[in-house]
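Not measured: the values here are computed from a predicted model.
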Amino acid sequence: MPLIKGVVSLMLMTLTTLFWGVPLLVLTFLKVVVPGRRARQWLLDRLCAVALNWIGLNLWWMKRWLKPNVSLDVPDSLSPDQWLLVISNHRSWTDIFILFMALHRRIPMPRFFLKHRLIWIPIVGLAFWALEFPFMRRFSREQIAKNPKLATIDRESTERVCRQARHAPISIYNFVEGTRFSVAKRDAQQSPYQHLLRPKAGGVAQVLGLIGNQLDGVIDVTISYANPSPTFWGFLCGQEAPITLVARKLEIPEWMHSANYHQQPQHKERFHAWINSLWQEKDALLETLSDHA
């Protein structure tokens with residue numbers, strides 16, 4: 001039965017993607033060929049509407065077919081008219097749909113920081129590109145040492161999405177650890193946290209530095225799984241153990257509005273202290289939630 005449920009779930013996701021893929025392809029083509037910033041912005045708004053409908057349709061069948069055991073604790077003060085930065089820990093691809101369940105249409109259309117290779121996923125990768133998601137290449141220190149220009153590529157991608165944010169409300173999502181958590185990864189990087197990897201501060205700091213004055217706040221999300229090794233396939237099979245999401249809205253400290261993470265070492269140290277403090281609180285919350293699982 002779980003296998004059949006998983007196969008049906010994959011079929012439903014494929015069908016919703018193909019259905020909304022048609023208007024996506026048409027609008028993407030027009031966005032490429034139509035001149036003028038206002039016209040392209042209008043088309044981007046229509047693309048966002050398509051993406052929101054794709055998300056909504058998937059959530060509709062997931063809630064009725066998979067009936068996931070999900071507990072959501074979300075602030076009441078959220079609005080789709082706000083500019084927000086969403087940061088979260090990362091355990092599984094399921095995280096994305098749990099975030100959607102908690103925040104869909106409560107805040108603006110999401111833009112995720114994505115690994116560059118995801119652009120090659122059929123239809124979905126095209127949607128990411130057309131919606132102007134920031135793609136990260138994550139060059140190693142050795143690669144950057146050989147070619148320092150590589151260090152600016154991810155920054156330029158972030159700058160593009162922040163420029164877009166000035167025209168309409170936006171929510172920028174960042175899995176700050178940069179990859180999915182595992183005990184092996186935690187031990188390999190000697191993370192000081194029990195349930196988290198070390199946070200990668202650069203992307204968050206750059207967003208706050210570029211549009212911090214415009215942001216209405218930071219949504220700090222903690223996702224906890226009763227299953228110590230959650231998988232997206234297990235979720236699609238309806239076998240995932242209880243999942244808990246806790247979100248809180250944080251004010252942006254005044255000093256961040258004028259901070260330059262990459263050029264001012266004192267601000268870099270101050271920002272690392274800020275995000276490490278958040279991660280200590282998140283780790284303690286995850287420990288509490290795991291005790292109650």
S.K.: In chain order, what residues pass the side chain to side chain contact (heavy atoms under 4.5 Å, CB included) check against His195, with sequence neighbours excluded?
M.R.: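 Here the qualifying residues are Asp283, Leu286, Glu287, Ser290.
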S.K.: Under 4.5 Å between side-chain heavy atoms, hopping through other hydrophobics if needed: is there a path connecting Ile121 to Phe175?
M.R.: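 Yes, because Ile121 and Phe175 connect within a single hydrophobic cluster, where side-chain heavy atoms sit under 4.5 Å apart.
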S.K.: What about Phe113 and Leu208, same hydrophobic cluster or not, with Ile/Leu/Val/Met/Phe/Trp/Tyr joined at side-chain heavy-atom distances under 4.5 Å?
M.R.: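 Yes; tracing contacts between hydrophobic side chains, which count when under 4.5 Å, links both residues.
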S.K.: Listed by chain and number, what are the salt bridge (Lys or Arg N to Asp or Glu O under 4.0 Å) partners of Arg46, not counting sequence neighbours?
M.R.: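 Applying salt bridge (Lys or Arg N to Asp or Glu O under 4.0 Å) to Arg46 gives none.
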S.K.: I'd like to check the side chain to side chain contact (heavy atoms under 4.5 Å, CB included) partners of Ala247; sequence neighbours left out, ordered by chain and number.
M.R.: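 Expected list: Pro75, Ile219, Val221, Leu245.
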S.K.: With no hydrogens and no angle check, just 3.5 Å: does a side-chain donor-acceptor pair link Tyr225 and Asp95?
M.R.: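 Yes.
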S.K.: Should Tyr193 and Asn89 be marked as a side-chain hydrogen bond (donor to acceptor under 3.5 Å, both in side chains) after you check the CA-CA gap, both sets of side-chain angles, and the distance that decides it?
M.R.: CA-CA 12 Å; Tyr193 311 105; Asn89 62 311; over 6 Å; no
S.K.: Would you please indicate if the ring centroids of Phe97 and Phe235 are separated by under 6.0 Å?
M.R.: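 Centroid distance Phe97-Phe235: not below 6.0 Å, so no.
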S.K.: Check for a donor-acceptor pair, side chain of Gln82 on one end and backbone N or O of Asp216 on the other, with a separation under 3.5 Å.
M.R.: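 Flag not set: sc Gln82 to bb Asp216 has no pair under 3.5 Å.
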S.K.: Check Arg248 with Glu281, please: is the shortest side-chain N to carboxylate O separation under 4.0 Å?
M.R.: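 Result for this pair is yes, salt bridge flagged.
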S.K.: Over 60° means perpendicular and under 30° means parallel, so classify the ring planes of Phe112 and Phe100, tilted if in between.
M.R.: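 Correct class here is perpendicular.
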S.K.: Strictly by modelled atom types, are Gln41 and Asp45 linked by a side-chain donor-acceptor pair under 3.5 Å?
M.R.: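 Asp45 and Gln41 do have a side-chain donor-acceptor pair below 3.5 Å.
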